[in-house]
Protein chains: 2
Amino acid sequence: MANTLSSGLEDYIETIYLSTKNGEMLKGADLARKLGVSRASVSEALSKLVSKKLIKYNSYEAITLTKAGDEEAQKVYEKHYVLKEFFEKVLDVDSSEASENACKIEHFVSKNILCSMQKFTKFFVKHKKILEAYIEESEK
Amino acid sequence: MANTLSSGLEDYIETIYLSTKNGEMLKGADLARKLGVSRASVSEALSKLVSKKLIKYNSYEAITLTKAGDEEAQKVYEKHYVLKEFFEKVLDVDSSEASENACKIEHFVSKNILCSMQKFTKFFVKHKKILEAYIEESEK
DNA sequence: AAAAATTGTAAGGTAAACCTAACACAATGT
DNA sequence: ACATTGTGTTAGGTTTACCTTACAATTTTT
């Protein structure tokens, strides 16, 4: 009823967002495979998302986001993206570890911290020399 | 049975760790108040921790950590501390927001990322001028 | 010592996410 | 067109963590 999504539902909607953005015709079973859960779990989750009016879905057809769903998903993905970029470009963590951590942390991190991370990433990409000095220092 | 603690149990053990470290005689009801949950929930959680041999506990007496419990708690708290320091000293987030975020994220962040954050914090504390340059830049 | 307050536990419930098994329905291949 | 494969749903279970209510046990206060 409340408009806050659980971590689980955020994962579903985020995956739907990324897939449909890619032009993929995403069905329930595809989602089950991508998320590594059973078709039954997907079925349950999708009906929750339908009842929250975040997606449109009819059996055997492709899942689509409503306008509200798209907005919600974009917020989640934005968080994911900022975290991943920060982990990779600032903390120099490899891509897959950055993604995995972002996936979990995106559900909990505050807007404020994300905002700082974003500024920080921008700054660091601009000033590579400082980053190099940091790496040199940290390897001592 | 497995030796991995859920986020919830990590919170319990972390709170016990911090309180007892402070010399506090922590009873179940105190824990309930600190964590904002019912005494019944605490009672359940404590018996799980007892059966995992992480704490010692007899009704109406103070809770203590076993050696294994202390080690486990220290690991959790270390994560919390590294995150909080990073948020405060590098990202310039205020203390309470840093703590709140650390509390949630500590259960999910990888060792590797924590390690980078720790190095980063050390570096930044040392080189305040760079931080100042960053702040100037980010306020544009 | 008796009354009052605090503490702990048991019973029974809710909610979220997951599962398997079984079955219905749809799409595809030959 | 019919069999096979793939997809979706239902029903019934599990787990984790929480809750309230009610009661039992222990302290503390008077």
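Chain A is the first sequence line, chain B the second, and so forth, proteins listed ahead of strands; every chain is numbered from 1.
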Sugar-phosphate only, base, or nothing, as touched by A/S59 at under 4.0 Å among non-hydrogen atoms: sugar-phosphate

Sugar-phosphate only, base, or nothing, as touched by A/A40 at under 4.0 Å among non-hydrogen atoms: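 The answer is base, as A/A40 lies within the cut-off (heavy atoms under 4.0 Å) of a base atom.
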
[X] [atom1] to [N] [atom2], straight-line distance once rounded to whole Å:
| X | N | atom1 | atom2 | value |
| --- | --- | --- | --- | --- |
| A/E61 | C/dC25 | CD | P | 17 Å |
| A/K27 | C/dT28 | NZ | P | 7 Å |
| A/D30 | C/dA27 | CG | C1' | 14 Å |
| A/L31 | D/dT7 | CG | P | 12 Å |
| B/Y57 | D/dT26 | OH | C1' | 12 Å |
| B/R33 | C/dA5 | CZ | C1' | 12 Å |
| B/I55 | C/dG8 | CD1 | P | 11 Å |
| A/Y12 | C/dC18 | OH | P | 4 Å |

Distance-only side-chain donor-acceptor flag, A/E100 / B/S110, under 3.5 Å: no

OP1 or OP2 of C/dC18 under 4.0 Å from side-chain N/O of A/S38: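 A/S38 to C/dC18 OP1/OP2: no side-chain N or O under 4.0 Å.
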
Pairs where residues 57-76 of chain A contributes a residue and the test side-chain hydrogen bond (donor to acceptor under 3.5 Å, both in side chains) is met, not counting sequence neighbours: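 Output for this query is empty, none listed.
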
Nearest to side-chain heavy atoms of A/R39, which nucleotide of D/dC18, C/dA26, D/dT9: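 Among D/dC18, C/dA26, D/dT9, the one nearest the side chain of A/R39 is D/dT9.
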
Shortest side-chain distance from A/S43, nucleotide among C/dC18, D/dT16, D/dG8: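 Taking heavy atoms from C-beta onward, the closest nucleotide is D/dG8.
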
Quiz item: B/Y60 side-chain donor-acceptor pair to D/dT26 base, under 3.5 Å: no

Test ring-ring contact (aromatic ring centres under 6.0 Å, His included) applied to B/F124 and B/F86, step by step: CA-CA 9 Å; B/F124 256 78; B/F86 182 82; 8.5 Å; no

A/V42 vs A/Y12 side-chain heavy atoms within contact, under 4.5 Å: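 The answer is yes; the side chains approach within 4.5 Å.
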
Between OG on residue B/S99 and CZ on residue B/F87, distance to nearest 0.5 Å: 10.5 Å

